[in-house]
Amino acid sequence: MGSVSEKDRGSWGSKIAFIFAASGSAIGLGSIWRFPIMVGTNGGAIFVFAYILAVILIGFTVMLAELTIGRHTQKNPVGAFNSIKPHTPWKAVGYMGVATGVFILSYYSVVAGWALGYLYKTITGVFRGEVSWELSDHVFAHFAANPIEVLICLFIIIGLTTFVISKGVREGIERWSKVLMPLLFALIISLAIRALTLRGAGTGISFYLKPDFAKLNANILFFAVGQAFFSLSLGMGTMMTYGSYISKKDNLVSSAGWVCFSDSLVAFLAGIIIFPTLFATPGINPEGFKAEIGLMFQVLPLIISKIPGGYIFGVLFFMLLLVAALTSTISLLEVPTAFLVDERKWKRRKAAIFIGALSFLLGIPSALSNGGVSFLTRLGVMVKMDLIFGNIMLAVGAFFICIFLAYSWGVSNALKEIASGNKIFKVKPIWVFNIKFLAPFAVITILIFIIGIAR
Ligand code: PHE
């Protein structure tokens, strides 16, 4: 571990602690806010279908690859590539991941800030009583366009994240995740049940779950794969960094499986809440409907107001959503911080504050691009940031991680690492095939296709 002290680096308490922390990174706004938008803009159920395939065939494959590289090297992404293949350009993939993390953190924190704003609104009773679509839509548009409010929220989110990260892995990340994630899950299930029992829920359910295969195209595949990477925190070294804290006794395969499963389950349930509620609203139907960036914030108040004890429920829900978002921002900040601590020998606190400040500055244009400043709004800064960093860069990163593992480090070395803590690897032949051929080939084909379309 070089000259970096144990305290600055840290490790997980147990396998279950790792699963909670990694699921905490994965489960967040990606499944609850971003997934429904992707479904809503990419043809409904056909996207859900493509997404499930993407998680099973590509997401799981890359997840196991990242955990394996991380645990083997016990390093941040830059250090990891460097220690397996010293003095080669491979470490550029690590640098790319570190940079991508800072950019994603910047706009992701804006949305997390919206959740904070909504917690405040719910507490002060903005959504008391029957909430109409008009009211909900107006509240969101008004809030997202208020520069002072969104910037204050952004500042608080990044401040909290920086605080937790400067405390270190064990006390910081573990303690947050263990208690609150199961509670969030319980609340999501109750909302999903309520949404399914709404009058008129059928339209939303068939939009969400009855795929029209004629609609399938390259765009849908691209966004499905991109969403899988984003939602599972893959392609920039988050899972590599988290994997570096896993003990050699733990089973990487089942850990990867659990994280993929729990994240997808939450995304699936989020859709069950959003679409039936949305299309059970008078005047809104799937024909011609276009999901916007605030979809979750427009729809949640509608369903929360229909739950018995809605006020308390709403407050609790936004509180937990905020925690889920924070466990993800924490993991985003952890990658660049671990890089500075391991590679540049910075103190953890100084590294966290530096990157936190940088991502706050980078987040300002995104924060002001939803009605706050008209030219930033016209440019669609936040949507573009998400497209470039949340889809393209993560896909590029994941592609190189596959190629690195399969053709530079070598599958047999990876399998040795996987075998520690896991004697029988049931899906071994499938994983080997996927990491060598299917995942890199699928990702690069889709990327080339998309760049072709964009030109
Ligand atoms: N997976 C997180 C979410 O769904 C976002 C994230 C992306 C976190 C990439 C880390 C790395 O909310």
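Both counts, for ligands and for their atoms, begin at 1 and track the order of listing.
Remark: of the listed residues L53, I435, L234, V443, V443 is the sole one forming a side-chain contact (heavy atoms from CB on, under 4.5 Å) with I58.
The proximity of M236 to ligand 1, defined as any non-hydrogen pair under 4.0 Å, is limited to the side chain.
Residues F441 and I446 have side chains not in contact (no heavy-atom distance under 4.5 Å, counting atoms from C-beta outward). By the 4.5 Å heavy-atom criterion applied to side chains, L64 and L252 are counted as neighbours. The closest side-chain heavy-atom distance from Y118 to V139 is below 4.5 Å.
Residue-ligand proximity, L332 to ligand 1, at heavy-atom distances under 4.0 Å covers atoms 8 (C), 9 (C), 10 (C), 11 (C). Of all the atoms in ligand 1, the ones that sit under 4.0 Å from a non-hydrogen atom of G28 are 12 (O). Ligand-side atoms of ligand 1 in range of L29: 12 (O), range being under 4.0 angstrom from any heavy atom.
Between S231 and ligand 1, an N or O atom pair is found at a separation short of 3.5 Å. Below 3.5 Å of separation, one finds no N or O of L232 facing any N or O of ligand 1. For ligand 1, one of its N or O atoms has an N or O atom of G30 under 3.5 Å away. Between S331 and ligand 1, no N or O atom pair is found at a separation short of 3.5 Å. In terms of polar-atom proximity, defined here as any N/O pair under 3.5 Å, F230 does make such a contact with ligand 1. Considering backbone and side-chain atoms together, T238 places no N or O closer than 3.5 Å to any N or O of ligand 1. Annotation: L394 places no N or O atom under 3.5 Å from an N or O atom of ligand 1; distance criterion only.
In this structure, the protein non-hydrogen atom closest to atom 4 (O) of ligand 1 is A26 O, 2.8 Å. Ranking protein heavy atoms by distance to atom 2 (C) of ligand 1, first place goes to S25 O, 3.2 Å. Closest to atom 9 (C) of ligand 1, if we only count protein heavy atoms, is S233 CA, 3.6 Å.
A distance-only check finds no donor-acceptor pair linking the side chain of Y107 to the backbone of K384 [under 3.5 Å]. A donor-acceptor pair under 3.5 Å is formed between the side chain of R71 and the backbone N or O of E417. Judged by distance alone, the side chain of S328 and the main-chain N or O of S25 form a donor-acceptor pair under 3.5 Å.
Residue Y108 places a heavy atom under 4.0 Å from ligand 1.
In this structure, the separation between CD1 on I69 and CG on L405 is 5.0 Å, given to the nearest 0.5 Å.
The ring of Y242 has its center no closer than 6.0 angstrom to the ring center of F18.
What you find for L154 and I364 is that their closest heavy atoms are CD2-N, 4.2 Å.
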